[in-house]
Amino acid sequence: MTDAAARAPHIAVVFYSATGNVAALAEALAEGARTAGAETRVRPVAERAPAEAIENNRRWKAWVEDNPYDTLASLDDLEWADGLALGSPTRFGNSAEQLKAFLDTTGGLWAQGKLADKVGTAFTSASTGHGGLEATILSMNNVLYHWGALVMPLGYAADPSLMSSGNPYGASWVSRKSAAPDEDALQAARVQGTRLAQIAAKLIA
């Protein structure tokens, strides 16, 4: 048995969250990965918005001041991982600038082929039902394509409960009136994390 086959798959969940909703999905996804035996890192990217913009949004300000994360995402997390999950709120059908800025620093790893042949997936949240959930997931997947990673959708087959979440592209949440993710959304993220870990384990075996 090789060293790779003997170890647990490494799953990195890299995300941007403005108010905590995407962070909740990230933690649920990591929980699902751990139930499948994975070692996980859950890492937010750096906040880059102007202070005045944050100050004018009560929930955004509270999250920036009180979120529980001490360690930001790094390129080492991406290189360490066998499986990657990217998460962001939707911004006009695209990922948030904060996540995009981090992903734009991966050119060196990409050029060395160190991001190829990993398995990747994506998840998101929006404030309206047709606010760009699928487009945002697809925009994050575009990065995975360029890396040469294997793109893993959530699908419906992994768990019957996914039919109620309604999004086979990846776990998602419609946060009407700033609501936190409900149990259906969190369960979809757990299923996505479990599936990510299982596929990553097969790739390193």
Side-chain angles (χ1 to χ4, degrees), residues 11-33 40-75 77-78 81 84-106 120-144 154 165-167 169-193 196:
I11 301 299
V13 186
V14 175
F15 69 96
Y16 172 69
S17 189
T19 63
N21 286 341
V22 174
L25 294 174
E27 291 292 345
L29 194 149
E31 178 187 346
T40 65
R41 294 181 184 179
V42 184
R43 301 284 196 258
V45 298
E47 180 59 80
R48 294 164 49 88
E52 57 269 26
I54 298 170
E55 188 68 26
N56 288 329
N57 184 309
R58 176 180 55 81
R59 293 187 69 237
W60 195 357
K61 182 174 183 286
W63 177 254
V64 168
E65 292 177 349
D66 298 327
N67 82 74
Y69 297 97
D70 298 321
T71 305
L72 295 176
S74 69
L75 296 181
D77 295 320
L78 301 184
L84 297 160
L86 303 177
S88 172
T90 184
R91 296 290 184 264
F92 305 109
N94 213 325
S95 60
E97 184 273 344
Q98 291 87 339
L99 180 66
K100 182 68 162 57
F102 173 74
L103 296 176
D104 283 348
T105 70
T106 63
T121 196
F123 58 99
T124 190
S125 178
S127 59
T128 57
H130 297 281
L133 295 168
E134 294 170 4
T136 300
I137 289 172
L138 293 173
S139 75
M140 289 184 276
N141 286 349
N142 283 338
V143 177
L144 301 175
L154 176 58
S165 74
N167 191 346
Y169 298 90
S172 60
W173 169 239
V174 179
S175 179
R176 293 184 175 90
K177 298 183 179 179
S178 302
D182 66 12
E183 182 56 29
D184 284 345
L186 295 175
Q187 179 58 19
R190 293 184 196 106
V191 171
Q192 191 170 0
L196 180 64

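Because the structure is predicted, anything quoted here is derived from the model rather than measured.
Asn21 and Ser125 make their closest contact through CB-OG, 4.2 Å (heavy atoms, listed as atom of the first residue, atom of the second, distance). For the pair Val13 and Leu29, the tightest heavy-atom approach, listed with the atom from each and the gap, is CG2-CD2, 3.9 Å. Across every non-hydrogen atom of Ala46 and Leu72, the tightest pair is CB-CD1, 3.9 Å. Nearest heavy atoms, Thr40 versus Ala30: CG2-O, 3.8 Å. Shortest non-hydrogen contact noted between Thr121 and Leu144 is N-CD1, 3.8 Å. When all heavy atoms are compared, the tightest approach of Arg48 to Ala101 is NE-CB, 3.4 Å.
A distance of 15.0 Å separates NZ of Lys61 from OG1 of Thr19, quoted to the nearest 0.5 Å. Rounded to the nearest 0.5 Å, atoms CD (Glu52) and CG (Asn57) are 13.5 Å apart. Rounding to the nearest 0.5 Å places OG1 of Thr105 at 4.5 Å from CG of Leu75.
With contacts defined as side-chain heavy-atom distances shorter than 4.5 Å, the pair Trp63/Ile54 does not qualify. In this structure the side chain of Val22 never reaches within 4.5 angstrom of the side chain of Tyr16, judged on heavy atoms. Side-chain contact between Leu133 and Tyr169 is absent, with no heavy-atom pair separated by less than 4.5 Å. For the pair Leu86/Leu103, a side-chain contact is recorded, criterion being any heavy-atom separation below 4.5 Å from C-beta on. Side-chain contact check for Thr71 versus Asp77: every heavy-atom pair is 4.5 Å or farther apart. Here the side chains of Asn94 and Lys100 are not in contact, with every heavy-atom distance at 4.5 Å or above.
Side chain of Ser88 to backbone of Ser95: no donor-acceptor contact under 3.5 angstrom is found. Although no hydrogens or angles enter the test, the distance criterion places a donor-acceptor pair under 3.5 Å between the side chain of Gln192 and the main chain of Ala171. When atom types are taken as modelled, the side chain of Trp173 and the backbone of Leu186 share no donor-acceptor pair closer than 3.5 angstrom.
Residue Arg59 qualifies as enclosed at atom CZ: its count of foreign heavy atoms under 6.0 Å is above 12.
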Query raised in the report: Is there a side-chain contact (heavy atoms from CB on, under 4.5 Å) between Tyr69 and Val42 once you walk through the steps?
Result: CA-CA 9 Å; Tyr69 297 97; Val42 184; 4.1 Å; yes

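Between Arg91 and Glu97 there is no salt bridge, since no side-chain nitrogen of the basic residue lies less than 4.0 Å from a carboxylate oxygen of the acidic one.
In the model, Asn142 has no side-chain atom that pairs as donor or acceptor with a side-chain atom of Ser139 under 3.5 Å. If you check the side chains of Trp60 and Glu47, you find a donor sitting under 3.5 Å from an acceptor.
Of the options Asn167, Thr124, Thr90, Thr136, a side chain to side chain donor-acceptor pair (under 3.5 Å) to Ser172 is made by Asn167 and by none of the others.
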